[in-house]
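Here is the structure we will look at, set down as structure tokens.
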Amino acid sequence: MRSRLVNSMEPERYLMDELEAGEAAVELDGQEPQEVLGWAIERFGRQLGICSSFQAEGCVFIDIAWRIDPAVRVFTVDTGRQPEQTYRLIDRIRDRYGIRVEIFLPDTRVIEQMVTRHGSNLFYRDVNLRLLCCQIRKVLPLRRALMNFDAWVTGLRRDQWATRSNIRKIEIDHDHGGIVKFAPLADWTEEEVWDYIRANDVPYNELYDQGYKSIGCAPCTRAVASDADPRSGRWWWETGAPKECGMHCAIETGGFEHELAALLGSHGTNNHPDGNPISAQTAQSEL
Ligand code: SF4
């Protein structure tokens with residue numbers, strides 16, 4: 001593994017190159033989530049971030065990681081539009097495991113500009129406005145959060161959606177500065193996730209008991225029929241658009257990027273994760 005020293009006052013940080021990550025992907029692909037997370041925690045320690053949106057998968061790997069290391073770092077992006085049930089679940093997770101959940105919020109000034117210009121429920125009107133909202137409420141805060149880590153863990157599974165069918169259990173995340181991205185549940189089915197939750201009495205979002213199969217922001221998620229595709233309840237009013245928000249794969253349409261640049265440019269700069277201001281042009285190029 002290749003290491004880099006950021007500066008003498010900061011802890012040593014690690015990056016992997018493509019060859020190392022590829023070899024590790026082969027090594028880890030047939031292994032259980034416990035082994036993948038153990039491998040990740042051993043190598044990255046406090047520089048590993050467990051990223052949970054508190055869906056079923058996110059609760060499972062918090063439980064697994066906590067059993068390996070109770071001091072593991074857990075973080076989430078709070079979009080400000082999540083259901084009350086999700087906020088209650090976060091409190092239950094805190095109480096159950098005694099962990100501190102690091103919360104990352106969107107830039108208030110950009111939110112103000114967006115809702116002043118387009119209204120609070122802009123996402124229902126146009127796919128590009130929905131993607132704009134996801135960029136501002138999810139993607140940019142995640143980018144800022146990941147500046148704190150050398151590796152992160154997601155709950156992605158291959159059978160969730162076509163865009164996720166090829167994910168590996170470990171890969172280089174080129175959308176976030178080349179840090180390492182783990183998907184320890186990549187080859188689990190929905191049924192295996194729920195088997196683990198029941199067997200280990202893991203806290204989960206009560207919305208699942210009301211027919212939800214995938215849970216995001218309140219206005220963009222609804223319950224679905226028991227035999228429906230799990231992600232069909234997300235942005236259900238859209239046809240032909242990807243059931244993605246941009247956190248796990250870059251989405252470029254040539255529509256929302258222009259509007260995002262206009263919003264970021266409207267007050268000149270936006271806070272960059274490294275503490276330096278960025279221009280709208282720079283932000284657009286980073287999407
Ligand atoms: Fe906005 Fe809906 Fe995306 Fe949440 S899921 S960030 S409310 S568009």
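Whatever order the structure lists them in is the order used to number ligands and atoms, beginning at 1.
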Margin query: Just by distance, no angles: are the side chains of Q55 and S214 close enough, under 3.5 Å, to form a donor-acceptor pair?
Written below: yes
Margin query: Students should be able to answer this: which protein heavy-atom is nearest to atom 2 (Fe) of ligand 1, and at what distance?
Written below: C220 SG, 2.2 Å
Margin query: I'd like to check which ligand 1 atoms, numbered from 1 as shown, lie under 4.0 Å from a non-hydrogen atom of R137.
Written below: 1 (Fe), 6 (S)
Note to self: I need the contact type for K138 against ligand 1. Using non-hydrogen atoms and a strict under-4.0 Å cut-off, is it side chain, backbone, both or neither?
What the structure shows: side chain
Margin query: Suppose we measure from atom 1 (Fe) of ligand 1 to each protein heavy atom; which comes out shortest, and what is that distance?
Written below: C133 SG, 2.4 Å
Next item on the list: Assess the side chains of N148 and R46: does a donor N or O sit below 3.5 Å from an acceptor N or O?
Entry: no
Notebook entry, point to check: Distance only, no hydrogens: is a donor on one side chain within 3.5 Å (strictly under) of an acceptor on the other, for T189 and D159?
Noted result: no
Next item on the list: Could you walk me through whether L156 and E57 pass side chain to side chain contact (heavy atoms under 4.5 Å, CB included), step by step?
Entry: CA-CA 8 Å; L156 298 177; E57 292 84 358; over 6 Å; no
Next item on the list: Taking the six-membered ring for Trp and the full ring for Phe, Tyr or His, determine whether the centres of W237 and Y124 are under 6.0 Å apart.
Entry: yes
Next item on the list: Measure the distance from atom 5 (S) of ligand 1 to every protein heavy atom, then report the residue, atom name and distance (to 0.1 Å) of the closest one.
Entry: W235 NE1, 3.4 Å
Item checked: Nearest non-hydrogen protein atom, atom 4 (Fe) of ligand 1 -> C217 SG, 2.3 Å
Item checked: Side-chain donor or acceptor of Q113 paired with backbone N/O of R109 under 3.5 Å -> no
Notebook entry, point to check: Relative to ligand 1, is R130 under 4.0 angstrom through side chain, backbone, both or neither, heavy atoms considered?
Noted result: both
Margin query: Just to be sure I read this right, does ligand 1 sit under 4.0 Å from the backbone of C134, its side chain, both, or neither, counting only heavy atoms?
Written below: both
